[in-house]
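None of the values given here were measured: they were computed from a predicted structure.
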Amino acid sequence: SIILDTANPSGVSIKINNDDQYTTSQSVNLKIGASDTYIDQMAFSNDGSTWSVWEAFSTDKPFSLTGPDGINTNTVYVKVKDKAGNEASGASDSIILDRVEPISSVNKLLEKSAASFPLSWNGNDAVSGIMGFDVQYKKGSSGSWENIQTGVMTNTYQFEGASPGEI
C-alpha cells in the first residue's frame, strides 16, 4: 500500500531558549514544533533566505547564534518537510544576544566615623537594562561579604552598623 500525501505540514513553530527575550550565550536551544504525522526533516536560516542542509527532524536543537551582541535581534528561521517532500513555510523567533556586563559604581563614601552614613551607587546597561542592584559590604580586607540589599532598583541607602573606615 502507499500513502498519498499532498498536504504541506502546518503549525510550524520555533522558540529560542523557551521564548526568552535575552541570552548571554551564543549557544541556545531551539524548540521546534509542527503538525504533520510524517514530518521528516528540518532546515535553519539566520536571514530567511540562505538555509542549512536538511537534517533529521527533532523537537530540540542546539544552535549557535551568528548575529551581533546588542540591541539588534538575532532571528532564527526554521522550515520542515515531510516524508513525501511537502515543505512547510518557515517560522521564526528572535532573541537579543547580550554578553556585555552592566557597569556599576559606588559613589565615594563620606569620611566620617559615624555608625550611620549614606551610600549611593549607579549602574548602566545599554542593551537589556538594569534589573536590580545587589549591595554588599565587608568589614576590613579579611571580612566576609554581607548583603545590605538585593534586587533593589533604588540607588541610595542609609547604612547603619559600621563607619566608612571599617568597610
Side-chain angles (χ1 to χ4, degrees), residues 1-107 119-137 144-157:
S1 70
I2 189 168
I3 298 171
L4 177 60
D5 182 0
T6 59
N8 289 342
S10 62
V12 179
S13 65
I14 182 173
K15 287 186 179 184
I16 304 172
N17 284 359
N18 293 317
D19 235 4
D20 286 347
Q21 185 176 1
Y22 300 97
T23 182
T24 58
S25 173
Q26 282 184 287
S27 298
V28 295
N29 188 57
L30 307 178
K31 293 279 188 192
I32 315 300
S35 301
D36 190 303
T37 306
Y38 305 106
I39 292 291
D40 187 44
Q41 295 183 321
M42 60 186 180
F44 300 93
S45 173
N46 290 306
D47 61 11
S49 59
T50 305
W51 293 88
S52 67
V53 297
W54 289 102
E55 60 185 85
F57 180 79
S58 175
T59 56
D60 287 297
K61 166 78 174 161
F63 192 80
S64 184
L65 300 173
T66 60
D69 281 68
I71 58 173
N72 298 319
T73 57
N74 286 264
T75 302
V76 180
Y77 301 82
V78 63
K79 62 182 179 178
V80 299
K81 69 178 174 179
D82 61 21
K83 291 180 181 181
N86 299 312
E87 194 174 302
S89 52
S92 66
D93 193 21
S94 299
I95 195 164
I96 297 172
L97 178 60
D98 183 4
R99 294 178 290 178
V100 179
E101 294 181 5
I103 298 168
S104 65
S105 62
V106 175
N107 297 329
L119 293 175
S120 62
W121 54 89
N122 294 299
N124 182 29
D125 186 273
V127 178
S128 56
I130 299 292
M131 301 238 354
F133 294 98
D134 292 343
V135 184
Q136 299 176 322
Y137 79 99
S144 60
W145 287 101
E146 296 183 40
N147 288 329
I148 295 173
Q149 293 184 313
T150 58
V152 297
M153 287 305 299
T154 59
N155 65 346
T156 60
Y157 181 79

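One finds the NZ atom of K81 at 13.0 Å from the CG atom of D36 (value rounded to the nearest 0.5 Å). Taken to the nearest 0.5 Å, the CD atom of E55 stands 3.5 Å off from the NZ atom of K61. Distance check: N122 CG to T156 OG1 gives 10.5 Å after rounding to the nearest 0.5 Å. To the nearest 0.5 angstrom, N8 atom CG is 13.0 Å from S35 atom OG. Remark: L97 CG to I16 CD1 distance equals 10.5 Å, nearest 0.5 Å. Taking CD1 of I130 as the start and CD1 of I103 as the end, the distance is 9.0 Å to the nearest 0.5 Å.
Between F44 and F63, the ring planes lie tilted relative to each other; the angle falls in the 30° to 60° range.
One N or O on the side chain of N86 and one on the backbone of A7 form a donor-acceptor pair closer than 3.5 Å. D47 contributes a side-chain N or O that, together with a main-chain N or O of T50, makes up a donor-acceptor pair within less than 3.5 Å. Of the possible polar contacts, none joining the E146 side chain to the Y137 backbone as a donor-acceptor pair under 3.5 Å is found. Put simply, the side chain of S25 gets close to the backbone of S27: a donor and an acceptor are under 3.5 Å apart. In terms of modelled atom types and a separation under 3.5 Å, the side chain of N155 and the main chain of S120 share no donor-acceptor contact. Between the side chain of N29 and the main chain of N17, no donor-acceptor pair closer than 3.5 Å is present.
At a threshold of 4.5 Å between non-hydrogen side-chain atoms, the residues D125 and D98 count as touching. Within the 4.5 Å cutoff, the side chain of I148 has no heavy atoms near those of the Q136 side chain. Under the 4.5 Å side-chain criterion, counting only non-hydrogen atoms from C-beta, F57 is not in contact with D40. Looking at heavy atoms from C-beta onward, N18 lies in side-chain contact with K31 at the 4.5 angstrom threshold.
Contact record, S92 with Y77: CB-CD2, 3.4 Å, taken as the closest heavy-atom pair. The shortest heavy-atom contact between P9 and A88 is O-CB, 3.4 Å. For Q149 against T154, the heavy-atom pair with the smallest separation is OE1-OG1, 4.1 Å.
The neighbour count for Y38 OH, taken as heavy atoms of other residues, nucleotides or ligands under 6.0 Å away, does not exceed 12. Within 6.0 Å of atom CE in M153, more than 12 heavy atoms from other residues, nucleotides or ligands are found, so the atom counts as buried in its surroundings.
When each of I32, L30, D93 is checked for a side-chain contact (heavy atoms from CB on, under 4.5 Å) with V78, only I32 meets the rule.
For N46 and N74, the side-chain atoms include no donor-acceptor pair closer than 3.5 Å.
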